[in-house]
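The structure appears right after this line, and notes come after that.
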Amino acid sequence: MNKNFDQQLLKVNKYSFQKDLIEWFENEMRELPWRQNQDPYRVWVSEIMLQQTRVDTVIPFYNRFMELFPTIETLAYAPEEKVLKAWEGLGYYSRARNLQSAVREVHEQYGGTVPNTPKEISSLKGVGPYTAGAILSIAYGIPEPAVDGNVMRVLSRVLGIWDDISKASSRKIFEEAVRHLIAEHNPSYFNQALMELGALICSPTSPSCLLCPVNEHCLAFAEGIQSELPVKTRKKSTKMIDILTVIVQNQEGEWLVNQRPSHGLLANLWEFPNLEDQQNAPTSVQIQEFLKVDFGLEAIVQKEPWMKQDHVFSHLTWKMLVFTADLNTQETNLYQRAAWKTEQEIEEIALPVSHRKIWRQHLLNK
DNA sequence: AAGCCGTGGGG
DNA sequence: TCCCCAAGGCT
C-alpha cells in the first residue's frame, strides 16, 4: 500500500472526521425516493439504477419502476419485456436483466429476503463490490465499504491517494481506507455521506472546499492541490460504425422490427432492421439484399435516405442512414427474431433511444 | 487487465 | 463541437 497514504490515514482524527461528515449529511442530505425507508429491495433497485447514472436521471425511472414492480415478488413474476420497457432510455440494459434474474434467485433461494452477508449478496447477478457494500450498509447497517467514484474522489483528496482511480485494482486501496475510517455505529450514513459529499461539494472540477464539512481533515485542501486529485487516465476515443437502417411496412400497415441478440450491445431490445454499411455496393442494393437474405422479403429500397442520425455510445458511435422500402411480394413469413408490429405494439416494446427517435420522426412524417 | 456496456447533461 | 462525466459490473 502507498506509504504516504498510510501515514496520512493515521493522522486523520477518525472520530472527528466521522462526526463532521455525518452531521453535515444529516443536515444537508437530499430527499430522494429511495431514502423514504430502508427496504432492502428499494435500496437494491436504486443502487443498480444509479450505477454510472446521475441522480436526476434516475429519479423518474425509479418512481415508475417502483409503481410497476413494488416488491421482489412482483418483479420476479414480471415478463422480462415489461422490465426492459421500464428500463428504456436508462441505458446499460443488462442491469435490468441481471436485476430481475437476481430478484428471482432471492425469491426462490432466500424466501424473498435479500441476503445480508457479503458472500451471499455478492453472488447475486449485477451485484459487485460497490453495490454489495451499499446494500449491506444502507439497508442492514453493516459496516462494509461502498466505494464508488465519489468515494474515491473524496478520499483521494482527503488522504492524498495518487493511485489511478480508473484502474480496477485501485478500488481495494480505497476499501482499506474506508474500513479504517468507517463509523461502526452508523455505516449507512457514513457511506452515503461520502457519496453525497462527492456529489454536492467535492465535485470533480472546482470543488467547494470552503463549504466542505471535512476540509480541516483534508490533505489536498491543506496543500491546495484539489485540482490535481484524483488521478484518472482518460479512456480511448470511440470508433465509428456506419449503419444502414430501413423502415418497412406491410399491407396491414404493420412495421418490421427485429429483436437484438440476447447478449452484447442493447441485448434483447427491439429495433428497425439494420446492417453495417459494407460500402461494397450502393446502400439501397445492400439493404435490398439484406432484407432478402435475413428476412426473406422482396422489397424496393429508396435510393436516398430520408433521415440521418448519429448516436454516441460510451465506446462507439453509430452513424445512421435511415431508408424506407416498399414490399414487392405478399410472402411475409419472417425468419429469426423478427416480427410485424402495429403502432400500438411498437409503443409497448423496448427500443434503443436511437431507434425510438427514428420512430417518432417516422410518425411525424407519415 | 482492459474492453464492453447507454444515456443525457455540462463545461 | 468535443470531451468528460455519473452511486459499476461482467468477461
Side-chain angles (χ1 to χ4, degrees), chain A residues 25 29-30 32-35 43-62 84 87-99 101-102 121-139 145-154 164-172 174-175 178 188 190-200 202-206 230 232-241 260-269 271 310-318 350-357:
Chain A
F25 181 67
M29 70 180 200
R30 293 168 288 182
L32 299 171
W34 46 90
R35 286 180 175 163
V43 172
W44 183 6
V45 172
S46 76
E47 293 302 341
I48 300 299
M49 285 192 171
L50 285 162
Q51 289 170 5
Q52 298 290 284
T53 312
R54 286 185 162 79
V55 165
D56 289 342
T57 301
V58 167
I59 289 173
F61 282 91
Y62 181 81
L84 278 179
W87 215 271
E88 184 187 284
L90 195 53
Y92 288 135
Y93 298 95
S94 66
R95 290 184 297 175
R97 298 192 309 138
N98 287 338
L99 173 61
S101 170
I121 202 164
S122 297
S123 73
L124 298 172
K125 276 187 189 168
V127 178
Y130 163 74
T131 304
I135 298 173
L136 289 170
S137 61
I138 298 171
V147 174
D148 71 336
N150 284 312
V151 173
M152 289 195 282
R153 184 171 59 257
V154 170
D164 183 351
I165 67 167
S166 61
K167 292 189 173 184
S169 57
S170 298
R171 199 198 63 254
K172 291 201 187 85
F174 290 91
E175 284 178 349
V178 171
S188 169
F190 182 87
N191 281 341
Q192 291 187 74
L194 277 182
M195 294 187 275
E196 196 85 343
L197 189 66
L200 301 181
C202 194
S203 54
T205 60
S206 65
K232 188 176 187 180
T233 57
R234 73 174 196 284
K235 40 192 167 187
K236 301 194 304 186
S237 58
T238 64
K239 67 175 175 186
M240 303 281 193
I241 300 180
R260 294 180 60 89
S262 51
H263 295 291
L265 183 65
L266 304 166
N268 279 358
L269 269 65
E271 63 185 7
D310 292 354
H311 188 78
V312 180
F313 297 92
S314 48
H315 58 300
L316 56 90
T317 298
W318 280 354
L351 303 183
V353 163
S354 54
H355 284 254
R356 184 61 70 190
K357 283 178 180 167

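Letters A, B, ... are given to chains in the order of the sequence lines, protein chains preceding strands, and every chain is numbered from 1. Computed over heavy atoms, backbone and side chain alike; hydrogens, waters and symmetry mates excluded. Predicted model, so just to flag it, every value in this text is computed and none were measured.
Along DNA chain C, the nucleotide nearest A:V55 and the nucleotide nearest A:N98 are compared for position; the residue whose nucleotide lies closer to the 5' end is A:V55. Place A:R30 and A:K125 on DNA chain C by their nearest nucleotides, and A:R30 ends up nearer the 5' end.
Remark: P of C:dG9 and CG of A:L50 are 12 Å apart, rounded to the nearest angstrom. Atom CZ of A:R171 and atom P of B:dA2 are 15 Å apart (whole Å). Protein atom NZ of A:K239 is 10 Å distant from nucleotide atom C1' of B:dG3, rounded to whole Å. The CD1 atom of A:I48 sits 11 Å away from the P atom of C:dG8 (whole-angstrom rounding). Note: CG (A:L99) to P (C:dC10) measures 12 Å, nearest angstrom. Across the protein-nucleic acid pair, A:M49 atom CE and C:dG9 atom C1' stand 17 Å apart, rounded to whole Å. Regarding A:D164, its CG atom lies at a distance of 12 Å from the P atom of B:dA1, rounded to whole Å.
Residue A:S169 is in sugar-phosphate contact alone, with no base atom involved, counting any heavy-atom pair closer than 4.0 Å across all strands shown. Here A:L194 lies out of heavy-atom contact (under 4.0 Å) with every strand. Contacts of A:R153 with the nucleic acid, taken as non-hydrogen atoms under 4.0 Å apart, involve only primed sugar atoms and P, OP1 or OP2. Residue A:W87 is out of contact with every strand shown, counting any heavy-atom pair closer than 4.0 Å. Among the heavy atoms of the strands lying under 4.0 Å from A:R35 is at least one base atom, whether or not backbone atoms are also near.
Taking the six-membered ring for Trp and thresholds of 30 and 60 degrees, A:H311 and A:W318 have ring planes inclined between 30 and 60 degrees apart.
Atom P of C:dA6 sits at a distance of 22 Å from the matching atom of B:dC4, rounded to the whole Å. Using atom P as the reference point in both B:dG8 and C:dG9, the two lie 22 Å apart (nearest Å). To the nearest whole angstrom, the two P atoms, one in B:dG3 and one in C:dC4, are 15 Å apart.
For the side-chain contact (heavy atoms from CB on, under 4.5 Å) with A:Y93, the qualifying choice from A:L265, A:N98, A:L269 is A:L269, the only one to do so.
There is a side-chain donor-acceptor pair under 3.5 Å between A:S166 and A:T233.
Scored by the side-chain contact (heavy atoms from CB on, under 4.5 Å) test, A:R35 finds A:F25, A:M29, A:R30, A:L32, A:Q192, A:E196 as partners (sequence neighbours excluded). Residues passing the salt bridge (Lys or Arg N to Asp or Glu O under 4.0 Å) test with A:R97, sequence neighbours excluded: none.
Outside the 6.0 Å centre-distance limit, the rings of A:F61 and A:W87 are not counted as a close aromatic pair.
A:D148 has its side chain within reach of A:V151: a pair of non-hydrogen atoms, C-beta onward, lies under 4.5 Å apart.
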Return a single string for nucleotides 6-11 of chain B, one symbol per nucleotide in 5' to 3' order, where B is base contact, S is sugar-phosphate-only contact and - is none, cutoff 4.0 angstrom on heavy atoms. BBB---

